[in-house]
Amino acid sequence: MARASKTAPILQADRVRLRPFRASDLKTVHALHSDRENLRYWGVDPSSSLDTTRKMMRWHITGAPRTYMIWAVEERKSRRVVGMINYFRRDVRERRVEVGWLMLPSAQGKGYMTEAGRALLRYLIDTLGVHRIEALIRPENKPSAALARRLGFRLEGGPLRDRWLVDGQWHSVMLYGLIAGEER
Ligand SMILES: CC(C)(COP(=O)(O)OP(=O)(O)OC[C@H]1O[C@@H](n2cnc3c(N)ncnc32)[C@H](O)[C@@H]1OP(=O)(O)O)[C@@H](O)C(=O)NCCC(=O)NCCS
């Protein structure tokens, strides 16, 4: 099993590249993590202030690469950060990990996250030797479910009842799974 690098490696796709976040990305990260409407099906409370986002980002950047890593999704032609993608809850022994994705509304509907997702899956499977990848998705979150299916995930189960606690509210989620070799 390959060891995760300490910082997010650059992963290339056609129109986007995945790269580590930098301190100078703070405003975009805040835009991503404070937009309540865009985060309505997200699994974590929205950020309430720039300061909260800054603290969260510090953790994102230093991270805990064995189990967690985050990438900025950068549009190649403009070099603007348009989203983020991550893996988390990596279980090294069981070669399993969860993934999450979040895109600025202005960059949605272009297929950018499909490209980013494919690049991440390649990295997880080919470089880290991950065997099983999971995505937990609220049943209402049609764009995220469509993305998961485009990437090769299958709906395996759910609703997993009260799996997420967000802003003091419990939410149930569907379980999507992908086994190495099923990626598209
Ligand atoms: C989940 C999320 C990242 C999906 O974004 P998205 O833009 O739909 O996904 P993609 O970037 O892969 O783009 C796919 C869309 O672009 C369209 N598209 C346009 N050009 C394309 C191209 N060249 N290649 C592929 N798709 C293209 C596709 O048809 C599809 O649109 P459709 O669903 O209307 O058919 C986005 O909805 C989001 O950030 N949501 C908020 C955060 C969130 O809920 N995250 C998930 C938590 S589980």
Side-chain angles (χ1 to χ4, degrees), residues 8 11-19 21 25 27-48 52-53 56-57 60 68-90 96-124 132-167 169-178 182-184:
L11 305 176
Q12 300 287 357
D14 255 13
R15 293 170 300 159
V16 297
R17 66 173 194 146
L18 278 52
R19 65 151 174 86
F21 274 107
D25 295 321
K27 275 197 180 148
T28 313
V29 175
H30 189 60
L32 278 167
H33 286 276
S34 61
D35 181 340
R36 285 188 164 266
E37 173 59 19
N38 198 36
L39 294 174
R40 64 197 180 284
Y41 306 132
W42 194 240
V44 183
D45 296 0
S47 174
S48 51
T52 310
T53 304
M56 182 187 80
M57 225 184 131
H60 279 324
Y68 176 93
M69 192 162 280
I70 189 167
W71 282 261
V73 178
E74 187 182 87
E75 186 182 42
R76 288 174 71 156
K77 69 171 186 230
S78 67
R79 301 212 141 193
R80 278 186 333 117
V81 175
V82 293
M84 74 79 153
I85 191 162
N86 65 4
Y87 71 73
F88 54 99
R89 292 205 188 97
R90 176 171 173 228
R96 183 181 65 238
V97 76
E98 279 184 46
V99 292
W101 34 60
L102 167 60
M103 194 85 152
L104 291 172
S106 58
Q108 292 175 16
K110 299 176 200 269
Y112 283 171
M113 202 50 95
T114 301
E115 287 190 19
R118 287 191 179 128
L120 177 60
L121 293 182
R122 265 198 319 272
Y123 173 71
L124 290 172
R132 177 180 164 82
I133 301 164
E134 296 181 348
L136 298 181
I137 301 177
R138 295 257 305 268
E140 306 90 329
N141 196 347
K142 305 290 181 221
S144 189
L147 170 61
R149 285 183 192 281
R150 254 191 318 277
L151 292 172
F153 284 81
R154 299 185 195 173
L155 176 60
E156 295 183 333
L160 309 180
R161 294 172 307 141
D162 288 359
R163 181 67 170 70
W164 288 352
L165 179 63
V166 185
D167 257 353
Q169 298 251 359
W170 291 106
H171 295 287
S172 304
V173 297
M174 307 305 285
L175 171 63
Y176 288 79
L178 179 147
E182 293 174 348
E183 64 278 17
R184 289 198 212 119

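Computed from a predicted structure; not experimentally measured. Atoms considered below: every heavy atom in the structure, side chains included; atoms not considered: hydrogens, waters and symmetry mates. As the structure lists them, so they are numbered: ligands from 1, and atoms in each ligand from 1.
- Between Phe153 and Trp101, the angle of the ring planes goes over 60°, which puts this pair in the perpendicular group of the 30/60° scheme.
- Aromatic rings of His60 and Tyr68 (six-membered ring for Trp) have centroids within the 6.0 Å cut-off, being under it.
- Within the model, atoms CH2 of Trp164 and CG of Leu136 stand 6.0 Å from one another, a figure rounded to the nearest 0.5 Å.
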Identify every side-chain donor-acceptor pair in residues 112-120 under 3.5 Å, counting partners at least two apart or on other chains, and give the distances.
| residue | atom | partner | partner atom | Å |
| --- | --- | --- | --- | --- |
| Tyr112 | OH | Glu75 | OE2 | 2.5 |
| Thr114 | OG1 | Arg150 | NE | 3.0 |
| Glu115 | OE1 | Asp14 | N | 3.2 |
| Glu115 | OE1 | Arg15 | N | 2.7 |
| Glu115 | OE2 | Arg15 | NE | 2.8 |
| Glu115 | OE2 | Arg15 | NH2 | 3.1 |
| Arg118 | NE | Arg184 | O | 2.7 |

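- Applying the salt bridge (charged side-chain N to carboxylate O under 4.0 Å, His left out) definition to pairs two or more places apart or across chains, those involving residues 37-46 are Glu37-Arg40.
- With sequence neighbours excluded, no residue satisfies salt bridge (charged side-chain N to carboxylate O under 4.0 Å, His left out) with Glu183.
- Every protein residue with a heavy atom nearer than 4.0 Å to ligand 1 is included here: Arg15, Asn38, Trp42, Trp101, Leu102, Met103, Gln108, Gly109, Lys110, Gly111, Tyr112, Met113, Thr114, Leu136, Ile137, Asn141, Pro143, Ser144, Leu147, Arg150.
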